[in-house]
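Working notes, beginning with the structure itself.
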Number of protein chains: 2
Amino acid sequence: MKKYISILKKTKLFAGVADEEIGAMLSCLDARLREYKKGEYVLRQGEHLNHITVLVSGELHIQRDDYWGNRSIVNRIAVGEMFGEAYIAPESGALLNDVIAVEDSAVIFFDVRRIITVCSSACRFHSMVVQNLFFAISEKNRTLVQKLGHISKRTTREKLISYLSEEAKRQNSTSFTIPFNRQQLADFLSVDRSAMSNELCKMRDEGRLEFKKNYFRLLKD
Amino acid sequence: MKKYISILKKTKLFAGVADEEIGAMLSCLDARLREYKKGEYVLRQGEHLNHITVLVSGELHIQRDDYWGNRSIVNRIAVGEMFGEAYIAPESGALLNDVIAVEDSAVIFFDVRRIITVCSSACRFHSMVVQNLFFAISEKNRTLVQKLGHISKRTTREKLISYLSEEAKRQNSTSFTIPFNRQQLADFLSVDRSAMSNELCKMRDEGRLEFKKNYFRLLKD
DNA sequence: TCTTTTCTGTTGTAAAAACAACCGACTTAT
DNA sequence: ATAAGTCGGTTGTTTTTACAACAGAAAAGA
């Protein structure tokens, strides 16, 4: 677990906490490391979670498969990001989604109650972690609202425009790469892949954008 | 500002805080009231927000403009609801949307840092407000994920089933009322009203459910 | 009460998406 | 190197949705 301290140091949860303090807090917060192979489930819909988790290696998708096999990717978790913050409150119900490793991954679990209950002794930085958690949940809400903005658009084209515009703004450039392949992007936007691919090509032919694999460039009319 | 205390009392932010304490906390939290005429911007895309806001009168729309200038309404804020909780973190960055008053409105701004930094003296209920905010954000997060679950369904029928099933579970009964009229439900699920109405009636004719106005009853197959 | 407005259901048509099937390019594994 | 698998684009068909227009019912207002 110690080899991941350098990664934890860069996470939102431990922002501002000194290196040597993180090591001390690992036991204080009852941290546990688990590793997953690509394709393996980290958590399943319906389970109860009372841990905050941080991804320290690999990549995860928060997703949901319905009865008919349609998959929707709710969110993507990159190294250093956390999940499970929405289930902190004791009265939070079961998990609403699956969490799956899309690459070989490593996850550290922290006991929620140990985090929100400020410990008496060692952890000088504990209150900072609590505040960091506060900020992280806030941040997550923001990304969810953004995503709702995308998929609440009526047509595939509008969803693409919404998503790509957002990404361009976020990366502060009209050319950028996205963290999805076509199928994943379709799942993220909750549309059919081939229809989406078709729409992308139409927009390209209309001169609205260019792309090559996951590289995109938006063009003025 | 005092005339809005009765409204603040009913908000999630001040749940469990005594009336007389709210008055005291207004200054503690550096509360500021601002009023807006219909059509006036409350906040603009690109601004930085370091306040939690509560709408105490009127109605707001959260709007977004995409890269090509197309405008869409992302969300609606009703009296008593909060806005800005997604921008608590200092690194949240600029607002991604405009917030505009669609009626004459009144908004109370609370300094974020004053809320999350527990004050030393007077505010006996301060820690309760902090916890309220914590749970409010967490709950909003889950609500957003649930809504994503509904509208990421491919067909109008599936969206309806997803939403109505959820509502039945939440109200713990197969018969229940929903807080929307048809147009609002269609907007909530991001579908066309008439198409949705049509689909509802088909399901009724198939014997899957009954409804009358905003009262619904789900039936076994 | 009577009028006006809003709400809901209904229908037909045009547009869009889902679906399925296929192909070539590219990557990965043996 | 070759086989197997993945990925992205394309096309045609079927299903679904959006849109527009209208009418009766219900609600709100005068």
Side-chain angles (χ1 to χ4, degrees), chain A residues 37-39 58-59 61 65-73 76 100-104 150-164 177-217, chain B residues 59 70 72-73 76 102-103 150-164 177-217:
Chain A
K37 290 291 179 195
K38 176 178 178 176
E59 181 180 350
H61 278 180
D65 295 319
D66 70 18
Y67 184 77
W68 295 272
N70 295 309
R71 169 165 297 176
S72 66
I73 298 176
R76 170 183 170 268
I100 192 168
V102 290
E103 298 172 8
D104 289 358
H150 302 324
I151 73 173
S152 65
K153 294 280 193 286
R154 301 304 171 84
T155 68
T156 296
R157 171 174 292 227
E158 283 179 295
K159 289 174 188 174
L160 282 167
I161 288 173
S162 179
Y163 171 72
L164 294 173
T177 61
I178 64 172
F180 298 122
N181 63 30
R182 291 290 182 279
Q183 183 62 60
Q184 291 170 333
L185 179 58
D187 290 341
F188 184 79
L189 296 177
S190 291
V191 295
D192 179 73
R193 181 197 61 80
S194 68
M196 184 192 77
S197 189
N198 193 289
E199 204 62 43
L200 274 173
C201 293
K202 278 191 207 164
M203 288 195 276
R204 178 196 58 199
D205 296 344
E206 291 167 14
R208 300 196 64 167
L209 50 76
E210 297 171 349
F211 56 87
K212 185 176 181 182
K213 298 192 68 172
N214 62 340
Y215 167 84
F216 285 81
R217 194 154 83 90
Chain B
E59 181 181 351
N70 301 309
S72 71
I73 296 169
R76 171 182 169 270
V102 290
E103 297 173 9
H150 302 324
I151 73 174
S152 65
K153 293 282 190 283
R154 302 307 168 85
T155 67
T156 296
R157 172 174 292 226
E158 284 178 290
K159 289 174 188 173
L160 281 168
I161 289 173
S162 178
Y163 171 72
L164 294 174
T177 61
I178 64 173
F180 298 123
N181 64 30
R182 292 291 182 279
Q183 183 62 60
Q184 291 170 330
L185 179 58
D187 289 345
F188 182 80
L189 297 178
S190 291
V191 296
D192 179 73
R193 181 198 61 80
S194 68
M196 185 193 76
S197 189
N198 193 286
E199 203 63 39
L200 274 174
C201 293
K202 278 190 208 163
M203 286 195 277
R204 179 196 57 198
D205 296 343
E206 292 169 14
R208 300 199 60 167
L209 51 77
E210 297 171 350
F211 56 87
K212 185 176 180 182
K213 300 192 64 177
N214 64 341
Y215 167 84
F216 286 79
R217 194 154 85 89

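Naming convention: chains lettered A, B, ... in sequence-line order (proteins, then strands); numbering from 1 in each chain.
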* To do: Look at all strands and tell whether B:F180 reaches a base, only sugar-phosphate, or nothing, counting heavy atoms closer than 4.0 Å.
  => nothing
* Structure fact -> Correct closest heavy-atom pair for A:V102 and A:K38 would be O-CG, 3.4 Å
* Asked: If we only count heavy atoms from C-beta on, is the A:I161 to A:R208 side-chain gap below 4.5 Å?
  -> yes
* Asked: Is there a donor-acceptor contact under 3.5 Å from the side chain of B:R193 to the main chain of B:D187?
  -> no
* Does a side-chain N or O from B:T155 land closer than 4.0 Å to OP1 or OP2 of D:dT16, or not? -> no
* To do: List the protein contact pattern of nucleotides 21-30 of chain C with one symbol per nucleotide (5' to 3'): B for base contact, S for sugar-phosphate-only contact, - for none; contact means a heavy-atom distance under 4.0 Å.
  => ----------
* Structure fact -> note: B:K153, atom NZ; C:dA17, atom P; distance rounded to Å ~ 20 Å
* Asked: Whole Å only: how far is the CD atom of A:E158 from the C1' atom of D:dC19?
  -> 14 Å
* Asked: OP1 or OP2 of C:dT10 sitting under 4.0 Å from any side-chain N/O of B:R204?
  -> yes
* To do: Among residues two or more places apart or on two chains, list those pairs meeting ring pair (Phe, Tyr, Trp, His ring centres under 6.0 Å) that have a residue in residues 189-215 of chain B.
  => B:F211-B:F216
* Is the distance from OP1 or OP2 of C:dC7 to the nearest side-chain N or O of B:N181 less than 4.0 Å? -> yes
* B:T155 and B:E199, any side-chain heavy atoms less than 4.5 Å apart -> no
* Asked: In whole angstroms, how far is the C1' atom of C:dT11 from the CG atom of B:D192?
  -> 13 Å
* To do: Give the rounded distance in Å between these two atoms: CE of B:M196 and P of D:dA18.
  => 11 Å
* Structure fact -> Rounded to whole Å, CG of B:N214 lies from C1' of C:dT6 at a distance of 15 Å
* Asked: Base, sugar-phosphate alone, or nothing: which one does A:S197 contact when heavy atoms must sit under 4.0 Å apart?
  -> base
* Mind calculating the distance between CG (B:N198) and P (C:dT11) to the nearest angstrom? => 8 Å
* **Separation of D:dG9 P from A:L209 CG (nearest whole Å)** => 11 Å
* To do: Apply side-chain contact (heavy atoms from CB on, under 4.5 Å) to B:V191 and B:K159, showing your working.
  => CA-CA 9 Å; B:V191 296; B:K159 289 174 188 173; 3.7 Å; yes
* Structure fact -> A:C201 has its side chain closest, among C:dA17, D:dT10, C:dT10, to D:dT10
* Structure fact -> Heavy-atom nearest nucleotide on DNA chain C taken for B:D205 and for A:R154; more 5' hit belongs to B:D205
* B:M203 CE to C:dT10 P: how many Å, rounded? -> 13 Å
* Asked: Can you tell if the side chain of A:N214 reaches within under 4.5 Å of the side chain of A:P179, non-hydrogen atoms only?
  -> no
* To do: Indicate whether OP1 or OP2 belonging to D:dG9 is found under 4.0 Å from a side-chain N or O atom of A:R182.
  => yes
